[in-house]
Amino acid sequence: MSLADSRPPPPRSSSTDHHGGWAGGEVAATDPVAGTDLTSRAAADGLCAAAFGTGWRIAEFHDGVGWSLWASGTLPADTRFWTAINDQPANPWS
């Protein structure tokens, strides 16, 4: 999953801060990628930028509230995706 920009939550939102799960951006999914292709955070961010443009990066576990986040954009219901985590060695490249 990729994430871009730092937009505010929609006006009708009941949660307007990071702790409410708002990721502060738009999400999109790239074409499928094997974890072995994600050799570093820079490689993952580069893949996202190549697919969607400047400013896109891999989503990070803490972009939302742990196991969930909400953002603008639409992901297919049957989509699985990689995310990074910045405080544990639990990334494909770790």
Side-chain angles (χ1 to χ4, degrees):
M1 177 171 56
S2 295
L3 184 69
D5 66 48
S6 296
R7 71 182 70 184
R12 66 182 190 279
S13 161
S14 62
S15 176
T16 59
D17 67 11
H18 172 76
H19 298 289
W22 177 247
E26 181 177 356
V27 292
T30 64
D31 289 333
V33 175
T36 54
D37 291 341
L38 303 175
T39 57
S40 68
R41 178 71 181 259
D45 290 344
L47 184 127
C48 296
F52 303 115
T54 302
W56 284 83
R57 62 172 175 80
I58 190 169
E60 200 275 335
F61 182 82
H62 299 97
D63 284 333
V65 179
W67 299 102
S68 65
L69 63 81
W70 59 285
S72 296
T74 303
L75 298 172
D78 62 348
T79 298
R80 293 174 22 150
F81 45 81
W82 294 105
T83 60
I85 188 163
N86 62 16
D87 62 355
Q88 296 181 48
N91 298 290
W93 54 86
S94 298

From N86 atom CG to N91 atom CG, the distance as rounded to the nearest 0.5 Å: 8.5 Å
Interatomic distance, D45 atom CG to E60 atom CD [nearest 0.5 angstrom]: 10.5 Å
I58 side, atom CD1; I85 side, atom CD1 - distance, nearest 0.5 Å: 11.5 Å
Of L47, T30, L38, the residue whose pairing with W82 passes side-chain contact (heavy atoms from CB on, under 4.5 Å): L38
Closest non-hydrogen atom pair, F52 against A29: CZ-O, 3.4 Å
Residues which pass salt bridge (charged side-chain N to carboxylate O under 4.0 Å, His left out) with D37, listed by chain and number, not counting sequence neighbours: none
Value rounded to 0.5 Å, distance of CH2 in W56 from CD in E26: 4.0 Å
Over all atoms of both residues, closest heavy-atom pair of S40 and A43: OG-N, 2.9 Å
Nearest heavy atoms of G25 and A71, plus distance in Å: O-CB, 3.1 Å
Sub-4.5 Å side-chain heavy-atom contact between L75 and R80: no
